[in-house]
Asks: 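There's a structure below that I have some questions on.
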Amino acid sequence: MGITISAIDLTKKFKETVAVQNLNFSVKEGELFAFLGPPGAGKTTTLNLLAGILLPDEGDIKVGGKSILELKPQERDFAMVFESYALYPHLTVEQNIAFPLMSPMRSNQYSKGEIKEKVLNTAKMLGIDELLTRYPKELSGGQKQRVGVGRALIRDTELYLLDEPIAHLDAKLRHHMRGELKRLQKKSGRTTILATPDYNEVVAMADRAAILNNGEIQQIGTPLDLFNRPKNIITAASIGDPPINLFDFKLKTKDAKTNLVGDGFSIVVNEKLSYSLKRNSNDDSFVLGVRPGKIEVENDKNRALLSGEVYIFEPLGAQGILTVKIGEKLVKLRTDTNDRYEIGKNVYLSFKLNDSTVFHKETGEAILM
Amino acid sequence: MSLQAEKKKRNWIIFIVLLLGIIVINFPIIWIFFTSIKPKEFIESTTPVWLFKPNFAHYAGLFSHEGEFNFFLYFSNSLIISISATFLAMFIAYPAAYSIARYRTLGDNYSFFVLSIRMIPPIIFIIPISILFALYRLTDTRIGIILIYLTFNIPFACWIIKSFIEDIPEDLERAAYMDGYSHLQVMTKIIFPLTKSAVAAVAIICFIFSWNEFLFALILSFIKSVTLTAGAAQFVTGYGIRWGMISAATVIAIIPTIIVGLIGQRFLVRGLTMGAVK
Amino acid sequence: MSSIKLKDIWKIYGHEVEAVRNLQLDIKNGEFVSLLGPSGCGKSSTLRMIAGLEEITKGNLYFDDTRMNDIEPGDRNLSMVFENYALFPHMTAYDNIAFPLTVRKFNRIEIDKRVKEISNLLDLDDLLNVLVVSCGGGEKQRIGIARAFIRKGEALLMDEPISHLDYELRMRTRGELARLQRLMEITTIYVTHDQAEALAMSDRIAVLNFGELQQFGTPEELYDSPENLFVAGFIGEPPMNFIPCTYVRQSDGHRFYTENMGFDIKLNGNKGKLIDEKYNGRNVVFGFRPHEVEIVSEANRDGNTITKAAVFNFEPGCEHSYVLAKICDIDVLFECPQNVRVYENKTVYIDIISKNFHVFDRESGKSILTRQNSS
């Protein structure tokens, strides 16, 4: 049904730079687990460590409780889909997909006829059975990606490692492949680990995910947990498009009223909130996080929490993204495309404080309210 | 002038310049060919003679052992030595190139290392090598000459092949490891097929170099291992240079390399430029 | 700055490959026009013909009223930006931005004035004396943009200048480019395959496919009133759903149904648009956008605008989720609110609440809607 795999204090350095540090995670049987992070975060390094292509400087990798560090990639028997597809250019699609089954390690497992049949079935499942005689250079990006997946799927293996498998496809195809891959994974029930910089993939496909940034895991949880209850600023900023708006502010008391004061804004807060903030931190520097979907243009300036100048409005069909300059900061929110926004015009914004998250400025950690 | 007319004019100028270049470069060879079919009297005249009745007396002389020129021995020596020096070099250089490319054996400055060796004029080594050869009884043996040629061919082949291997994305090997293949299998089944053009190009160059090599072949062989190139040198005698014979010998020596070059030019262009375009 | 007119423009490669066919474009002074389409549609060829880097096979190019076909690229007074901004790393930001002007020997006072003006708009004032090699990625982008905009030539041509950037940087640069163009009012022609980019930045968009102009209009016009199936399917993310069916005009509305009756809805009212009468009883393609549906409970399944759909994939999202389903074997995608969970291999009932549906002739692909107060 799939294996459990876990990493304990995994660390890998390349000369002076630390690629990943103290990674601790545990992937359950049959789970689709994702690593979400920007380029350079350490996603490929993590997958390569799990695959055995790289050896860690510190830490351990265990499958079903037993360490597998001593095993070479060939012995670990995992299947991997590479970001670059890594198709063998001198072999046809059919030969590419059959390649794992023809390896000397498995030379006696399958007869030639069985291999041919398996290749055909796998190709049919991925919709590439018409391409079996073609060479990789004759294929489109989407076709190459499916061949890469086919080459991994054809093996009866316990763990799949997918490194940005759909990164280079156009938007339509990506939507489609997200569904396909998810369906295939659920059907096979095999443990799968996915690395991607696209949070949409994580939300659409993963059972659980880890936010990876600068080689460190920020938070692990279900995608919705990560979105709704981020434990720190980095996690909050990793999911959502446009990303969460972050405002630095300090708590200031004036005339018995407490305000969140920052560059270009001052928001009155009630006693309960200010008490709860003061209680949870030593200094008075915080960061307020509000998602673009939760901010609205406010016509009544008395009810507005923020005001600023229109920086640019980008209509995108049904909705648009309005960027407003508040102080030195650019704030983004979603609006209807029916309204017109002139650059430089003054505009008022409001949001519910309940829809926002407050973080410590120094540690970046979220303060539970 | 419109863009199109400008292009046409430019193309004609380029064509003429190239044509002149070809004529200048090939002139010595054309002259040698004419010399080889010129009757003896006309060769040595002070003013160049352009019109004459060609005959193949000089060629006939070569084949009839004139002046101890043993065509068949020299030709078979050249052939055996060149082919061996080429194939042995490929067998040794290829795995070495793979190792240097992927595992950085010999450090990061391999290219500089190879290039600097080739900057040294080979003649510097003649005396020490001759002494070494005498010590190990390698003088006048085919094996000896092959060994010397290997010292040139291997680093060169290694250097070119290494840069082609470096152009192959490492992900391909990683995928093969994941698919269950060992290092050696990866080298033979994945890397080698992808560098076939480069290997062909390098082999052609090594063959042509080995076939054309003159200095070491001349000094280190006397009777048994004399090659075509060294053999032709015997027509430089104390009584003067026998231009007709030497030209004929040269023409014969050139023919195989021209054939190899023509057949292989497809590979040469493809092989040497393959790494440039991804 | 001038207006740019393309009349009857053709680009044919080698007597056979028709990259651009009979293109008519009328670009106004100061306008931001995108040339949008999939790869191979002719957009880059068109841009290069405007620039003079490619010969115009047939037709005429005018800047205002001057015919430009035979004028050398260098003499057309255009600025062009390619994918690679190509900044000089060991020169300061100031020198990089000023470069197009210093190379053309503008006077120093004028250069200083323009550099300061642009760097102010792009928030680069603090970086003017910093060497480019010490600048971050985002800053380098802005410096590159400043350099592109500083020379106010006849027009600014850009060929997919941000497609190679990572997502975040692309989003930010997109906004900066749009803003700068609006403030400086430079005629800009922008080539892209990304419809979101075109929608976000353009005054008008020219959609091209296989060398032919599909539609030339504002982002709103293209989104709300696509003139054919190609434009309708290309503009808008996620893309429009298409259902081939038969149309019948009834007294109480427009009826669309498929042969096997798996899809049978009646809609009335379509945002002031009429369906051409002669299509009554004919085969058409019905189009609706993914967010224009609502999931209803089984109890409410009998309604004129409600249809059955068999779910085969549910894609959860942060703000809303996506459902991939089949209506009569035709793949459709629709949005549903974040908190609604739809299960695979189950049937759902969706209410097509679109007030702006689209109908196309099944054979030609052209839209058969006309404006109510028709022109």
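FYI, side chains are in, hydrogens and waters are out, and symmetry mates aren't considered; it's all heavy atoms of this structure. Every chain is numbered from 1 and lettered A, B, ... according to where its sequence line falls, protein lines coming before strand lines. None of the values given here were measured: they were computed from a predicted structure.
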Asks: Which region of C/L222, side chain (C-beta onward) or backbone (N, CA, C, O), has a non-hydrogen atom less than 4.5 Å from a non-hydrogen atom of chain A, or is it both or neither?
Replies: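 It is neither, since no heavy atom gets under 4.5 Å.
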Asks: Quick one: which of C/M171, C/R182, C/E176, C/E168 has the most heavy-atom pairs under 4.5 Å with chain A, could you say?
Replies: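 Going by pairs under 4.5 Å, I would pick C/E176.
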Asks: Is it the backbone or the side chain of C/R172 that comes under 4.5 Å from a heavy atom of chain A, or both, or neither?
Replies: neither
Asks: Count the heavy atoms of every other residue, nucleotide or ligand shown that sit under 6.0 Å from CD of A/E130, and state whether that count exceeds 12.
Replies: no
Asks: Is the CG atom of A/N214 crowded by more than 12 outside heavy atoms at less than 6.0 Å?
Replies: no
Asks: Please state whether the side chain, the backbone, both or neither of C/Q195 comes within less than 4.5 Å of a heavy atom of chain A.
Replies: neither
Asks: Is it the backbone or the side chain of C/L180 that comes under 4.5 Å from a heavy atom of chain A, or both, or neither?
Replies: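 Answer is neither: C/L180 stays 4.5 Å or more from chain A.
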Asks: Are any of the side-chain heavy atoms of A/R183 and C/L324 separated by less than 4.5 Å?
Replies: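 The answer is no; the side chains never approach within 4.5 Å.
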Asks: Under 4.5 Å between any side-chain heavy atoms of C/N313 and A/R178, yes or no?
Replies: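 The answer is no, as the side chains (C-beta and beyond) never meet within the 4.5 Å cut-off.
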Asks: Under a 4.5 Å cut-off applied to non-hydrogen side-chain atoms, are C/Y223 and A/P315 in contact?
Replies: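 They are not in side-chain contact.
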Asks: I'd like to verify something: which residue of A/G293, A/P223, A/A318 has the highest number of heavy-atom pairs under 4.5 Å with chain C?
Replies: A/A318
Asks: Could you grab the distance from atom CZ of C/R179 to atom NZ of A/K325, nearest 0.5 Å is fine?
Replies: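 Going from CZ on C/R179 over to NZ on A/K325, the span is 6.5 Å.
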Asks: Return the minimal non-hydrogen interatomic distance between A/A204 and C/E315, and the atom names on each side.
Replies: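 Shortest heavy-atom separation between A/A204 and C/E315 comes out as CB-CG, 3.0 Å.
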Asks: Name the region of A/Y311, side chain, backbone, both or neither, that has any atom closer than 4.5 Å to a heavy atom of chain C.
Replies: both
Asks: Can you give me the closest heavy-atom contact between C/A200 and A/L316, atom names plus distance?
Replies: CB-CD2, 4.0 Å
Asks: Look at atom CD of C/E139 and say whether more than 12 heavy atoms of other residues, nucleotides or ligands are closer to it than 6.0 Å.
Replies: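 Atom CD in C/E139 is packed in, count exceeds 12.
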Asks: Is the shortest distance from a Lys or Arg side-chain nitrogen in C/E319 or A/R334 to a carboxylate oxygen in the other one below 4.0 Å?
Replies: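 Yes, this pair counts.
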Asks: For C/C318 and A/I239, which heavy atoms make the closest approach, and how far apart are they?
Replies: SG-CG2, 3.5 Å
Asks: Does A/K231 have more than 12 heavy atoms from other residues, nucleotides or ligands lying within 6.0 Å of its NZ?
Replies: no
Asks: Can you establish whether the number of heavy atoms outside C/F210 located under 6.0 Å from its atom CZ is more than 12?
Replies: no
Asks: When you look at NZ of A/K294, are more than 12 heavy atoms from neighbouring residues, nucleotides or ligands closer to it than 6.0 Å?
Replies: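 It does not: A/K294 NZ has 12 such atoms or fewer within range.
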Asks: So for atom NZ, which belongs to C/K326, do other residues, nucleotides or ligands contribute more than 12 heavy atoms lying within a distance under 6.0 Å?
Replies: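 Yes.
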Asks: Which bit of C/Y167 comes within less than 4.5 Å of chain A, counting heavy atoms only: side chain, backbone, both or neither?
Replies: side chain
Asks: Distance check, rounded to the nearest 0.5 Å: A/I312 atom CD1 versus C/L183 atom CG?
Replies: 8.0 Å
Asks: Would you mind telling me which of C/A196, C/G317, C/P316 has the largest number of heavy-atom pairs within less than 4.5 Å of chain A?
Replies: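 Highest number of heavy-atom pairs under 4.5 Å: C/P316.
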Asks: Heavy-atom pairs under 4.5 Å with chain C - which of A/D241, A/T323, A/N228 has more of them than the others?
Replies: A/D241
